[in-house]
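Beneath this line is the structure, given in structure tokens, with notes to follow.
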Amino acid sequence: MRTVVLTMKASVIEMFLVLLVTGVHSNKETSKKMKRPKFTVPQINCDVKAGKIINPEFIVKCPAGCQDPKFHVYGTDVYASYSSVCGAAIHSGVLDNSGGKILVRKVAGLSGYKGSYSNGVQSLSLPRWRESFIVLESKPKKGVTYPSALTYSSSKSPAAQAGDTTKAYQRPPIPATTAQSVTLMQLLAVTVAVATPTILPRPSPSAASTTSIPRPEPVGQRSQEMDLWSTTTYTSSQNRPGADPGIQRQDPSGAAFQKPVRADDGLGEMDSWKPGSVLLDEGRVPKEELSTQSLEPVPLGDPNCKIDLSFLIDGSTSIGKRRFRIQKQLLAGVAQALDIGPAGPLMGVVQYGDNPATHFNLKTHMNSRDLKTAIEKITQRGGLSNVGRAISFVTKNFFSKANGNRSSAPNVVVVMVDGWPTDKVEEASRLARESGINIFFITIEGAAENEKQYVVEPNFANKAVCRTNGFYSFHVQSWFGLHKTLQPLVKRVCDTDRLACSKTCLNSADIGFVIDGSSSVGTGNFRTVLQFVTNLTKEFEISDTDTRIGAVQYTYEQRLEFGFDQYSSKPDILSAIKRVGYWSGGTSTGAAINFALEQLFKKSKPNKRKLMILITDGRSYDDVRIPAMAAHLKGVITYAIGVAWAAQEELEVIATHPARDHSFFVDEFDNLYQYVPRIIRNICTEFNSQPRN
């Protein structure tokens, strides 16, 4: 009997080993036969934002036409996830407007995104965002599997319109190889049961359920790219009488959402970000996360009032606590009336007394609600009323990139004065205006007749404001009437077309260079002249809305090298100057002036100052008097630079009056560079001496 049992056991073990080897061999054969699925690149629309896509790294195909400005992009090189993916790809130079494939990689959120103009796309600046991404050429990494179907944070994905396959976020299914392994284990259990008569318990249903795929998240769940500053949409107090905005809001079901705790400005470094992590600025998940409705981010501000605004408030001892409180109420009203945001107006506050101090700068508070809260917390400093010192402080320190100043937004300062300043404001205000700052003055309760002897600088407001035409000045008879200035003030600071001091000597001209290319100049000296033109051009702010540059070369004949509307950036202009070729020939300066008036300045914009800078090395073969007079009558300010054999009397005839400020004689071409600072200084002095009415 024992021999029979041993024989049966040996047979069973032999059968098990045969089945095991057969199963492993079959599994290998199946694996060999399985072909790797072909990778299909998902296609997205131009308006798809990176924050809508959950995948940490993916390859997508962008359509043509994503250069349109309606597809907003925020940042440079590293982009906020609220940006259009395809728009960022064009801005970064990875794609052009014809579309194509790109690789997108998520990275950590930043505390500041810088806007810039690149490849036909204007990106916007953004103070901070919870998540970022970078765009690379679509070169897949070896061993990395990219998704053929993207995972979106909402089932209502815009990519569905492009024919892309979308899915709700869930765990991947259990692979087929796992199922094969389970079958072998079951077979082993059955085989042992034949050899050893032990009764095994039946698996419970609950145990089996633990291996099932988890239930997908509810569709329509809040987008991951939610704005960093706030997680709640607030209702304006103007639409809800008696309500306290910024504390609660009611959802349609009647449940009140509490105001979330505000986060710190600092975010983690990029290398601390983990793929798939949710970068929240809160220590808890707000109740809004449970909403099944997709909430939009906080508004980005009113683009029709894109200004950088600084309020200079009077904190002197003489103002008193009650009037200081009324002053803060006006500031809070302005903050409420302006739609504060990174794409619209930004506002900071400086309080002055003996010395000025910044309470918060342009990038400290990015919405009206937070700004109002900060204004309420301002306390009075006391001291004198040194307005001039405060204006100098703002000019030198406030409007800087570090404080959130944007080159594309006009700089505006509103100065509030109780009575009169205790120092002089004229010189400080002049420097501010020349820096492009638009100064508004609000004076309240001016000096009485018996107090005028104490006023340091009579008529101080007119000496300070940007223009003396009444647009920049408010005089309030009583502090109790200060609230009446709110609406007129907001309307004026937002009227960017009338903010005249935004125009400076460096950003408001059409400059035409008229260059002598005659035989006497020579190839080497002509290159020196072009370098002189380059050095002058570098001093100006170049764009299609700022200073524009054009050039004419002449001998007996004339040639338009490039017009005002041909290049709209400084690098393009500098490259165009470098490409100008030496012509060689005679010297007909009078004909060249006429040609420049017709081919260059006739196409100048009406609101631009017209500057002609003529460079010659000899006496003209034709008359220059009549052409020069024609230029002066047409409002073209002419600078004449003569080198070597140029005739001094001709230079003075060509130059605008007074000739001593507009004509220059240089003994050698190599000394031209020395005159660049003097010419720029004269251009700016003339601009800043214009009447301010």
Side-chain angles (χ1 to χ4, degrees), residues 431 434-435 504-542 546-554 561 570-571 573-584 587 589 592-593 596 609-620 624 628 631 636-689:
L431 294 174
E434 291 178 3
S435 300
T504 69
C505 58
L506 301 177
N507 69 6
S508 58
D510 280 344
I511 303 175
F513 288 97
V514 181
I515 305 168
D516 185 348
S518 61
S519 302
S520 58
V521 174
T523 304
N525 288 334
F526 187 78
R527 290 290 121 195
T528 303
V529 171
L530 292 183
Q531 186 59 53
F532 171 70
V533 172
T534 296
N535 292 343
L536 282 171
T537 301
K538 285 180 179 179
E539 298 294 326
F540 294 91
E541 298 172 24
I542 308 294
D546 294 312
T547 292
R548 304 187 302 168
I549 304 291
V552 167
Q553 184 181 174
Y554 74 95
E561 299 293 352
K570 187 175 291 186
I573 287 289
L574 298 180
S575 296
I577 295 169
K578 190 175 181 180
R579 291 194 301 268
V580 172
Y582 176 47
W583 204 357
S584 185
T587 309
T589 306
I593 294 173
R609 296 174 70 230
K610 303 172 183 63
L611 301 180
M612 180 190 297
I613 301 178
L614 184 143
I615 307 129
T616 182
D617 82 325
R619 185 180 294 275
S620 177
V624 298
V636 178
I637 301 169
T638 307
Y639 287 81
I641 295 99
V643 189
W645 301 279
Q648 182 69 43
E649 66 273 16
E650 276 191 357
L651 299 178
E652 294 177 357
V653 168
I654 294 168
T656 296
H657 180 78
R660 66 177 181 275
D661 295 330
H662 298 86
S663 65
F664 305 90
F665 181 81
V666 186
D667 54 352
E668 294 181 4
F669 284 95
D670 290 341
N671 293 330
L672 272 170
Y673 75 94
Q674 298 178 4
Y675 286 79
V676 171
R678 184 176 170 186
I679 293 170
I680 294 296
R681 184 170 61 250
N682 286 12
I683 289 173
C684 287
T685 299
E686 184 175 46
F687 176 87
N688 295 323
S689 64

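All values derive from a computational prediction rather than experimental measurement.
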Identify every side-chain donor-acceptor pair in residues 668-683 under 3.5 Å, counting partners at least two apart or on other chains, and give the distances.
residue: Asn671; atom: ND2; partner: Asp667; partner atom: OD1; Å: 3.0
residue: Tyr675; atom: OH; partner: Phe665; partner atom: O; Å: 3.3
residue: Asn682; atom: ND2; partner: Asp661; partner atom: O; Å: 3.0

Enter the distance from [X]:[atom1] to [Y]:[atom2] here, rounded to the nearest 0.5 Å.
X      : Y      : atom1 : atom2 : result
Ile654 : Thr589 : CD1   : OG1   : 5.5 Å
Leu611 : Glu686 : CG    : CD    : 7.5 Å
Leu651 : Leu614 : CG    : CG    : 8.5 Å
Cys505 : Arg609 : SG    : CZ    : 7.5 Å
Leu536 : Ile641 : CG    : CD1   : 7.0 Å
Ile549 : Lys570 : CD1   : NZ    : 9.5 Å

Can you see which heavy atom on [X] is nearest to which on [Y], and at what distance?
X      : Y      : value
Arg527 : Lys578 : NH1-O, 3.2 Å
Trp645 : Ser520 : CZ3-O, 4.3 Å
Gln553 : Gly581 : NE2-O, 2.9 Å

Side-chain contact, heavy-atom cut-off 4.5 Å: [X] with [Y]?
X      : Y      : value
Met612 : Val514 : yes
Thr656 : Thr638 : yes
Thr537 : Phe513 : yes
Val580 : Ile515 : no
Leu506 : Cys684 : yes

Can you list everything that forms a side-chain hydrogen bond (donor to acceptor under 3.5 Å, both in side chains) with [X]? Sequence neighbours excluded, please.
X      : value
Ser584 : Ser519
Gln531 : Asn535
Arg619 : Glu649

(request) Evaluate the salt bridge (Lys or Arg N to Asp or Glu O under 4.0 Å) criterion for residues Arg548 and Asp510: first the C-alpha distance (whole Å), next the side-chain angles of each, then the deciding distance (0.1 Å), finally the verdict. (result) CA-CA 5 Å; Arg548 304 187 302 168; Asp510 280 344; 2.9 Å; yes

Check whether [X] reaches the backbone of [Y] with its side chain - one donor and one acceptor, N or O, closer than 3.5 Å.
X      : Y      : answer
Asp516 : Asp617 : yes
Glu650 : Ser620 : yes
Lys610 : Gly512 : no
Asn507 : Thr504 : yes

(request) Output all residues satisfying ring-ring contact (aromatic ring centres under 6.0 Å, His included) with Phe526, sequence neighbours left out; order by chain, then residue number. (result)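 In terms of ring-ring contact (aromatic ring centres under 6.0 Å, His included), with neighbours along the sequence ignored, Phe526 is linked to Tyr582.
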
(message) Just to verify, what does Tyr554 make a ring-ring contact (aromatic ring centres under 6.0 Å, His included) with, not counting sequence neighbours?
(response)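 Once residues adjacent in sequence are excluded, Tyr554 has no partner under the ring-ring contact (aromatic ring centres under 6.0 Å, His included) criterion.
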
